[in-house]
Amino acid sequence: MAAKTKGLRSLIRLAEADLDDKRRVLVEIEQQEATLQARAVALEAEKEQEQRHARELEVGAFAYAGYARGVIERRERLAAQIAGMQPQLEEARQAVAEAFQTLKRYETALAARIKADKDATERKDQQNMDEISLNAHRRRQMAEAAPAATSSVSRQSRA
C-alpha cells in the first residue's frame, strides 16, 4: 500500500512547497502595497501638520503653496504605484488559488487511493473468513455424516 501512495505523497510535498512559495510572493507584494499605503497616510498627516504651521506663521502661508504642489505630486505617484501593484496582487492571488487547488486534488486522490486499498484489504479479509467458515462447515458436515455412514455399514454387516 505504501508503494502505491509514495508517488502521490511526493507530489503532495512538491505541491505544498509550491503553494508556500506562492504564498510568500503574495505576502511580499501585500507588504509592499501596505508600505505604500502607510506612506500615503503619513504624507496626509505631514500635510495636515504643515497646514497648521502655515496658519500659525505668516511666512508659512507663502511657503505652503510650493509644499502643497509637492505633496500633490507625491500623492499621485504613490497612488499610481499602488494602482500598478493591483495586477501583480491579482496574479499572485490567482497563483496561490491554483496551487491550492492542485494540492487539494492530490490530497483527494491520495485519500481515494488509501480508501480503495483499505476496501480491497477488507474484501480480501472477508473472503478469507468466508472460506474458513465454509471449510469448517464442510468438516462438520463430513464429521456428522461419517458416524451415520459407519452405523449404516455396521447394520448392513449384521444383516
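Every value quoted in this text rests on a predicted model; they were computed, and no experiment measured them. Hydrogens, waters and symmetry mates are skipped; everything else that's a heavy atom, side chains included, is used. One-based numbering along the sequence shown.
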What I want to find out is whether [X] reaches [Y] closely enough, with some N-O distance under 4.0 Å, to be called a salt bridge.
X	Y	answer
Lys22	Asp18	yes
Glu30	Arg93	yes
Asp119	Arg123	no

Any donor-acceptor N or O pair under 3.5 Å, side chains Gln94, Glu98: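 Yes, Glu98 and Gln94 have a side-chain donor paired with an acceptor closer than 3.5 Å.
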
No-hydrogen, no-angle side-chain donor-acceptor test under 3.5 Å, Arg105 and Thr108: no

Side chain proximity check, Tyr106 to Glu16, heavy atoms < 4.5 angstrom: no

side-chain hydrogen bond (donor to acceptor under 3.5 Å, both in side chains) partners for Gln86, two or more places apart: Glu33

Check against salt bridge (Lys or Arg N to Asp or Glu O under 4.0 Å), Glu44 and Lys47: CA-CA 5 Å; Glu44 288 302 313; Lys47 180 188 81 166; 3.2 Å; yes

Residue list, salt bridge (charged side-chain N to carboxylate O under 4.0 Å, His left out) with Asp125, at least two apart or on another chain: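 Asp125 satisfies salt bridge (charged side-chain N to carboxylate O under 4.0 Å, His left out) with no other residue.
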
Set of residues satisfying salt bridge (charged side-chain N to carboxylate O under 4.0 Å, His left out) with respect to Arg39, sequence neighbours excluded: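 Partners of Arg39 by the salt bridge (charged side-chain N to carboxylate O under 4.0 Å, His left out) criterion come out as none, since no residue qualifies.
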
Residue among Arg139, His137, Arg138 satisfying side chain to side chain donor-acceptor pair (under 3.5 Å) with Gln141: His137

Shared hydrophobic cluster for Ile82 and Ile72 (ILVMFWY, side-chain gaps under 4.5 Å):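 Different clusters: Ile82 never reaches Ile72 through Ile, Leu, Val, Met, Phe, Trp or Tyr contacts under 4.5 Å.
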
Hphob cluster co-occupancy, Ile114 + Leu11, side-chain heavy atoms under 4.5 angstrom: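 Linked, Ile114 and Leu11 end up in one cluster.
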
Residues Lys104, Glu107; criterion salt bridge (Lys or Arg N to Asp or Glu O under 4.0 Å); working and verdict: CA-CA 5 Å; Lys104 285 303 166 191; Glu107 289 176 343; 2.8 Å; yes

Residue Phe100 excluded, over 12 heavy atoms near CZ under 6.0 Å: no

Exercise: identify the closest heavy-atom pair between Leu36 and Gln81: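 The pair with the smallest heavy-atom distance is CD2-OE1, 3.3 Å.
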
Which atom of Ile29 lies closest to which atom of Ala92, heavy atoms considered: CD1-CB, 4.0 Å

